[in-house]
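Counting starts at 1 for both ligands and their atoms, in listed order.
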Amino acid sequence: MLLIKNIGLLQTPVGSFKHGGALQGENVKLKDAAVLIDGGAIRAITWGGALPAGWEQADRVLDAGGRLVTPGLIDCHTHMVFGGYRQAEIPLKLRGAGYLDILRAGGGILDTVGKTRAASEDELYDKTKAFLDEMLDLGVTTAESKSGYGLDRETELKMLRVNRRLNESHRIELISTFLGAHAIPEEYKGRSGAYIDMLCSDVLPVVKAEGLAEFVDVFCEDGVFDVEESRRMLEAGQKLGLRARIHADEIEEIGGAVLAGELGAVSAEHLIATGERGMASMAAGGVIADLLPATSFYLNKTFAPARRMIELGIPVAIASDFNPGSCPSLNLQLAMSMGYIKYRMTPEEVLTAVTVNAACSVGREHCLGTLEEGKQADLVIWDAPDMEMLVYRFGSNLARVVVKNGEVVKQ
Ligand code: IZC
Ligand code: ZN
């Protein structure tokens, strides 16, 4: 047994479901709390008084020193497996080149594709493992990881195998997403439909047979995959039992959010350019909005209409979007601060966005995302007395102690 005592404030959403509308901002706040952990699970939570008899006899006792405790953070949108970096793009961007201009010229994602194809599985494993170490240090205990820098059968599968090996060996739980439809590879230039056909016939069945991904994703964007190609890709995945998520309206609003609602996708992600039609479809389809504020910052773009989404009852999650191009930061705490300041979400709404709603987005709401009896013991003791302080101190790492599956992994 592990006892965490002297928690000044234990703050968590409750329940194993999407929190939209007013529920987005509903957190339970327990003062002077303690958590008793048995193996990997939360056995009991107490608050407001003396510890129950016997608790102090736990094998291990951690004193939280009156600090804030929340569930472990869940980063529900990343592209963390990649070869190379893209720092050379930034001067081009600052001189006026757009994200899509660079991609059309064979750079951007395609630059990373060349370097990811050239990297061995072990090289990608070692590089990504270092990223995961950094994430865990920041209080992230679960993360999603997409393929999408292979754009051929062999390299897409190589990336997904890296995810699988890391999930088995690293403390962070990784959820794998097949994003073969991330860009059109040079070999298929001008033949995007044929590329989607190849993914559906040659790659997706292997992904399914080897259990390499739970989700299928597509970059639905002007000049990348249009709505009909995106529909075809996601439906093919859904037919095989993969759940759909979609990169929608990151740069141009071409209908990705509308499609997400029609397909009953688990989440639509980015949504910088989404308007009323897209949001109405998402609300009707029960789609989670995975918002990526650090990408808006890094692309010098506007910020997704988070307040309007909450008004419409759309559950909002916040993720890092860590990738070598549009967001080379994996700091989810930083994204939380941006959610607070740029989306004008309350600290409670932000906490829901990186815990229970993110858990729903990666299909782990039954065991992760809240601190409740019976759930997995993933939590963070913060160097802060409350959520207001945590989202206010942007740029610092305030994670002091991290517990994953009942084990103290940072102290
Ligand atoms: O490598 O540019 N938007 N995909 C879609 C990305 C950003 C990642 C990248
Ligand atoms: Zn992305």
Side-chain angles (χ1 to χ4, degrees), residues 75-90 92-93 97-117 119 124 127-128 131 143-151 155-156 159 163 175-185 213 215-225 230 233 244-254 256-257 260 265-274 288-301 304 317-330 332 335 358 361-362:
D75 192 342
C76 60
H77 182 135
T78 85
H79 307 251
M80 66 172 86
V81 181
F82 55 84
Y85 287 94
R86 307 222 297 265
Q87 70 274 36
E89 274 172 26
I90 307 309
L92 303 178
K93 282 188 181 161
Y99 176 88
L100 293 175
D101 300 328
I102 293 171
L103 179 59
R104 268 190 291 270
I109 293 171
L110 295 176
D111 179 75
T112 303
V113 167
K115 291 169 182 155
T116 307
R117 287 179 179 177
L124 292 174
K127 182 173 175 181
T128 313
F131 294 147
E144 187 247 17
S145 174
K146 303 174 192 292
S147 71
Y149 294 124
L151 312 186
T155 317
E156 286 296 312
M159 291 183 72
N163 282 346
I175 291 97
S176 199
T177 295
F178 175 54
L179 176 59
H182 191 197
I184 302 155
F215 289 88
V216 58
D217 194 349
V218 61
F219 189 15
C220 181
E221 184 58 71
D222 183 34
V224 192
F225 298 102
S230 300
M233 184 72 233
R245 51 200 317 128
I246 179 169
H247 281 68
D249 307 335
E250 178 180 0
I251 317 282
E252 303 290 343
E253 187 189 14
I254 66 163
V266 177
S267 54
E269 324 199 346
H270 283 292
L271 307 169
I272 292 174
T274 304
I288 299 165
D290 283 356
L291 303 185
L292 314 169
T295 305
S296 283
F297 163 75
Y298 210 71
L299 291 176
N300 259 325
K301 294 271 177 195
I318 291 176
S320 71
D321 192 25
F322 176 50
N323 76 75
S326 59
C327 190
S329 167
L330 51 67
L332 188 54
S361 167
V362 296

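Ligand 1 is never approached by Thr112 to a heavy-atom distance shorter than 4.0 Å. Distances from ligand 1 to the non-hydrogen atoms of Phe82 include no value under 4.0 Å. The shell of residues lying under 4.0 angstrom from ligand 1, judged by heavy atoms, excludes Gly108. For the pair Arg86 and ligand 1, a heavy-atom separation below 4.0 Å is found.
The atoms of ligand 1 that sit less than 4.0 Å from any heavy atom of Phe219 are 3 (N), 5 (C). When each atom of ligand 1 is checked for a heavy atom of Ser326 under 4.0 Å away, the hits are 7 (C). Interface atoms of ligand 1 facing Ile109, defined by a heavy-atom separation under 4.0 Å, are 1 (O), 2 (O), 4 (N), 9 (C).
No side-chain heavy atom of Tyr298 sits less than 4.5 Å from a side-chain heavy atom of Ser326. The closest side-chain heavy-atom distance from Lys93 to Asn300 is not below 4.5 Å. Counting heavy atoms from C-beta outward, Val81 and Ser147 have side chains that stay 4.5 Å or more apart. Between His270 and Phe219, the closest side-chain pair of non-hydrogen atoms is not below 4.5 Å.
Summary of contacts: the protein heavy atom closest to atom 1 (O) of ligand 1 is Tyr149 OH, 2.6 Å. With respect to atom 2 (O) of ligand 1, the closest heavy atom belonging to the protein is Tyr99 OH, 2.5 Å. Here the heavy atom of the protein found nearest to atom 4 (N) of ligand 1 is His182 NE2, 2.7 Å. From the protein, the heavy atom lying nearest to atom 3 (N) of ligand 1 is Glu250 OE1, 2.7 Å.
At least one N/O/S atom of His247, from backbone or side chain, sits under 2.8 Å from the Zn ion (ligand 2).
Closest of all the heavy-atom pairs between Tyr99 and Ile109 is OH-CD1, 3.5 Å.
On a distance-only criterion, His247 and ligand 1 share no N/O pair closer than 3.5 Å.
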(message) Determine whether Leu124 and Thr116 satisfy the following criterion, side-chain contact (heavy atoms from CB on, under 4.5 Å), listing intermediate values before the conclusion.
(response) CA-CA 8 Å; Leu124 292 174; Thr116 307; 4.1 Å; yes

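A donor-acceptor pair is defined here as one N or O able to donate and one able to accept, closer than 3.5 Å; no such pair exists between the side chain of Lys301 and the backbone of Ile251.
In summary, the side chains of His247 and His77 do present a donor paired with an acceptor at a separation below 3.5 Å, with no hydrogens or angles considered.
For the atom pair CG of Asp249 and CD of Glu221, the computed distance is 7.5 Å after rounding to the nearest 0.5 Å.
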